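Each remark here refers to the structure printed beneath this line.
Just so it is clear, the structure is predicted and the values come from calculations on it, not from any experiment.
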Amino acid sequence: MTWERRHEITPRFESAPQPKLIEILKLLPKTNCRECGQPTCMVFASLAVEGVKGVDDCPALSDENREKLKQYLSQFKFGCEI
């Protein structure tokens with residue numbers, strides 16, 4: 001089906017924006033409490049960049065920062081969305 005419609009498809013040469021690790025890390029508690037199952041907040045942030053972890057995966061996150069992180073991550077697309 002895609003092959004038949006190839007003349008209708010416009011290629012995109014820029015990659016989709018990705019969240020920045022440092023912006024996520026700024027909002028985390030940085031206590032390395034391991035409540036999320038990760039050894040450090042840095043590891044958690046790197047997984048959040050990839051879309052593997054999200055706001056609900058950090059129990060130590062304050063309500064204010066949970067909302068800020070949710071807002072920040074909401075502007076990005078994760079996975080194979082087309």
Side-chain angles (χ1 to χ4, degrees):
M1 175 120 177
T2 303
W3 182 254
E4 290 86 24
R5 296 184 52 226
R6 67 187 179 277
H7 62 282
E8 299 172 23
I9 299 172
T10 305
R12 185 189 304 179
F13 297 102
E14 316 83 42
S15 61
Q18 290 191 321
K20 293 183 178 4
L21 184 130
I22 192 70
E23 295 304 319
I24 295 171
L25 191 58
K26 285 179 187 177
L27 297 171
L28 296 178
K30 294 176 277 308
T31 57
N32 299 329
C33 65
R34 300 181 182 198
E35 289 182 48
C36 65
Q38 302 308 313
T40 65
C41 292
M42 179 68 84
V43 173
F44 180 93
S46 68
L47 293 173
V49 166
E50 297 173 10
V52 175
K53 292 286 185 179
V55 294
D56 296 327
D57 296 315
C58 178
L61 201 56
S62 71
D63 290 340
E64 180 183 351
N65 282 359
R66 184 178 311 281
E67 189 56 40
K68 286 179 182 179
L69 183 56
K70 187 176 184 178
Q71 259 184 337
Y72 178 70
L73 292 175
S74 70
Q75 61 189 318
F76 304 100
K77 293 183 179 182
F78 296 99
C80 299
E81 298 174 28
I82 297 176

Open item on the list: Once side-chain hydrogen bond (donor to acceptor under 3.5 Å, both in side chains) is applied, what residue pairs with a partner in residues 32-41 remain, sequence neighbours excluded?
Closed with: none
- [ ] Can you see which heavy atom on Leu61 is nearest to which on Arg66, and at what distance?
- [x]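 Result for this residue pair: O-NH2, 3.1 Å.
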Open item on the list: If I compare all heavy atoms of Leu73 with all of Pro19, which pair ends up nearest, and what's the gap?
Closed with: CD2-CB, 4.2 Å
- [ ] Rounded to the nearest 0.5 Å, what's the gap from CD1 on Ile24 to SG on Cys58? Could you check?
- [x] 11.5 Å
Task: Distance (rounded to the nearest 0.5 Å) between Leu28 CG and Met42 CE - done: 10.0 Å
Task: Lys30: partners by side chain to side chain contact (heavy atoms under 4.5 Å, CB included), with sequence neighbours left out - done: Leu25
TODO: Not counting sequence neighbours, which residues clear side chain to side chain contact (heavy atoms under 4.5 Å, CB included) with Arg5? List them please.
DONE: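 Counting only residues at least two positions away or on another chain, Arg5 forms a side chain to side chain contact (heavy atoms under 4.5 Å, CB included) with Met1, Glu8.
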- [ ] Only counting residues at least two apart or in another chain, list the ones meeting salt bridge (Lys or Arg N to Asp or Glu O under 4.0 Å) with Glu23.
- [x] Lys26
TODO: Could you tell me which residues satisfy salt bridge (Lys or Arg N to Asp or Glu O under 4.0 Å) with Lys20, sequence neighbours excluded, listed by chain and number?
DONE: none
TODO: Show which residues join Ile9 in its hydrophobic cluster (side-chain heavy-atom contacts under 4.5 Å, direct or indirect), or state none.
DONE: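 Ile9 clusters with nothing; isolated.
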- [ ] List, by chain and number, the other hydrophobic cluster members for Val43, where Ile, Leu, Val, Met, Phe, Trp and Tyr join if side-chain heavy atoms come within less than 4.5 Å, directly or indirectly.
- [x]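 Once heavy-atom contacts under 4.5 Å are chained together, Val43 belongs with Leu47, Val52.
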TODO: Quick one: which residue pairs count as a ring-ring contact (aromatic ring centres under 6.0 Å, His included) with a foot in residues 36-74, not counting sequence neighbours?
DONE: Tyr72-Phe76
- [ ] Give a yes or no on this: more than 12 heavy atoms of other residues, nucleotides or ligands lie within 6.0 Å of atom CZ of Arg6.
- [x] yes
Open item on the list: Can you list everything that forms a side-chain hydrogen bond (donor to acceptor under 3.5 Å, both in side chains) with Lys68? Sequence neighbours excluded, please.
Closed with: Glu64
Task: Any donor-acceptor pair under 3.5 Å from Asp57 side chain to Cys36 backbone - done: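 No, the answer is negative, given that no donor and acceptor are paired below the 3.5 Å cut-off.
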